[in-house]
Amino acid sequence: MNAHGALEMFSIRRFGRLLLRELAHGYRGLLIAMATVAGGVIVISAIGALAASAGGAPAGTVSGDGYFGLFQNILFLGGFIVTSLAFREVWQNGSGIAYLRLPGSLFEKFVVKLLMTAVAFAAGTLVFMSAAAAASEALDRLLFGVGHGFFNPFTPAVLQAVVRYIVLQSFFLLGSIWFRKLAFVKTVLWIVVFGIAIAIVSGIALRIGLASHFALGPGHGMRLGGWAFDLNGAGLRELFKPGARGSQGAMAFKIAAEALFIALAPASWMAGYFRLGEAEV
Amino acid sequence: MIEIRNMSFGYRRKRLFSGLDLTLQPGNIYGLLGKNGAGKTTLLKIISGLRQAQEGSCSVLGHDPARRPAALLEEICFIAEELYVPALAPDMFVALQAPLYPRFDHAAFRSFLGEFEIATDKKLSELSYGQKKKFLIAFGLASRCRLLLMDEPTNGLDIPSKSQFRRLLAGAGGADQVILVSTHQVRDMENLIDPIIILDEGRIIFQQSLREVGTRLRASIESTEPMDEGALHVEKTLGGWAVLRENTGQEETRMDLETLFNAMTAEGGRVRAIFEEAMK
């Protein structure tokens, strides 16, 4: 690609303008949602602290997971809903015309939406959760003498959750550009159907590939004709337990599955990018 | 500037264009006329890259609009009939959108807003349909895009706004600009659109300048129904009979666009033959 082609595909000036436009269009709704969630965080943690205090917990007690559970709910559920709305403007009368005609390349428009819903949303949730948890913690300790611990955005568990969010979020970004209406619901349904299909295919493959480990003696597991189904997985657990014959294979399978899972994100981005290029209104 | 060759397009249940050819040159305000469902809006959408031609070619400023390249989008402004404005203050909208158009003229924009008497203290989404439309027309004109597409621009405008619109559009068109206006309101656009393009049954059945039309054809109101062969088209009107004839004199006549449109969509063959004869 020559310099002209590269500039046609990406110009920092246009990209910055599109990013600003996106922020200006979406910040109000996001602020309202965040404020509502912050209120929820404070109230829920206050109820928990009150209950702990009333239950006789001594002053200074720190119970709970440091808001990690709440953080995950906000990041995943909130993020998926926000992402599902990302390309809604493409499919609405009037706004679709305005959006597709915006002077910017397909790449710039797609990356702006991706950045806003994946990186900016995750970063915003981390900052917001740290602030809301700090405020909530201070209040709880002041009022009830007990708390849940401060939210630490730098733990490995938080970073792992962010990585998982970015991968899973890519499905919802694809769903947002793929489905004209009810993108969130349709994406969830699609993931469920896809998950069931994968489970069936891999189950059958496993049953065939490791047939001898399913077949147990009489009286064990469920039988259908000449086939035995070990619903407890005892045979397989035996095969894959640490140090057993299949443990290295299981480890390799787990690594491959993780790699495949992470690779689904760029695959979804590519599919979404091309779908946006084909969008017509 | 715009060159469409042998272009075909259809929706799932309806074939719209089949072998459509069209060439538009800069420095003109083209009027695109056609019956309901003839495909005027779709043609504007194909030119602006919102729809993709299924066969044939479409070139706009040297680009394929279906690919929606940024360099082309910077040069196209499409004021659609279905308006969309975000819930932003006018100043904020301009601050965000204007920099995306390299030749945006802020002084002209302020002047257009003043001319249209648009309230700038409300959010755009709170304006009336007519006000929104005037705002977007002002923005489109000020963008100085080389291609300005307008779909029914006078729909929803009050009487003074229509006059203001005509005045602004007449003054805004540059020598390097193509303005293509799709309209049913030919009376609103008279003395403004030239040349005239008529779209019917998936093809361009007529594309001529008003000067050429006035030289070749003559429209008149006659008190009795003409029975002679020379009447190319006859229709009953309030004041008598609107008649279209070949202009055999040397003087250019003033053309009634409604009569011309009705003649072309009803008995276009005879009218076209006159122009084809003149081309020989």
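Lettering of chains follows the sequences in order, A, B, ..., and the numbering in each one begins at 1. Atoms considered below: every heavy atom in the structure, side chains included; atoms not considered: hydrogens, waters and symmetry mates.
- Heavy atoms only, all atoms of each residue included: A/Glu280 and A/Trp91 are closest at O-CZ3, 3.9 Å.
- Between the side chain of A/Tyr67 and the backbone N or O of A/Ala134 there is no donor-acceptor pair closer than 3.5 Å.
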When the side chains of residues 52-66 of chain B are checked against the rest of the protein, which donor-acceptor pairs come out under 3.5 Å, sequence neighbours left out?
residue: B/Gln54; atom: OE1; partner: B/Gly10; partner atom: N; Å: 2.8
residue: B/Gln54; atom: NE2; partner: B/Gly10; partner atom: O; Å: 2.9
residue: B/Asp64; atom: OD1; partner: B/Ala66; partner atom: N; Å: 3.0

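- Taking the six-membered ring for Trp and thresholds of 30 and 60 degrees, B/Phe17 and B/Phe9 have ring planes inclined between 30 and 60 degrees apart.
- Heavy atoms closer than 4.5 Å to chain B are found in the side chain of A/Ala98, but not in its backbone.
- Of all the listed residues (B/Arg67, B/Gln97, B/Met92), the one sharing the greatest number of non-hydrogen pairs under 4.5 Å with chain A is B/Gln97.
- Interface check for chain A: of the options B/Ala87, B/Ala71, B/Gly49, the most heavy-atom pairs under 4.5 Å are formed by B/Ala71.
- In summary, B/Glu74 and A/Arg13 engage in a salt bridge, as defined by a charged side-chain N under 4.0 Å from a carboxylate O.
- Among pairs with a residue in residues 165-187 of chain A, none fulfils salt bridge (Lys or Arg N to Asp or Glu O under 4.0 Å), at least two apart in sequence or across chains.
- B/Glu201 and B/Arg203 are not joined by a salt bridge, as no carboxylate oxygen comes within less than 4.0 angstrom of a charged side-chain nitrogen.
- Contact residues of residues 99-137 of chain B toward chain A are B/Pro99, B/Leu100, B/Tyr101, B/Lys123 (heavy-atom distance under 4.5 Å).
- A/Gln92 does not touch chain B: none of its heavy atoms, backbone or side chain, sits under 4.5 Å away.
- Using a 4.5 Å cut-off between heavy atoms, B/Ala95 contacts chain A through its backbone alone, with no side-chain atom that close.
- Taking the six-membered ring for Trp, A/Phe151 and A/Phe68 have ring centres at least 6.0 Å apart.
- Applying the salt bridge (Lys or Arg N to Asp or Glu O under 4.0 Å) test to pairs two or more places apart or on separate chains, those with a residue in residues 100-118 of chain A are A/Arg14-A/Glu108, A/Glu22-A/Lys113, A/Glu89-A/Lys113.
- Contacts with chain A were tallied for B/Pro69, B/Ala80, B/Ser48; B/Pro69 has the most, counting heavy-atom pairs under 4.5 Å.
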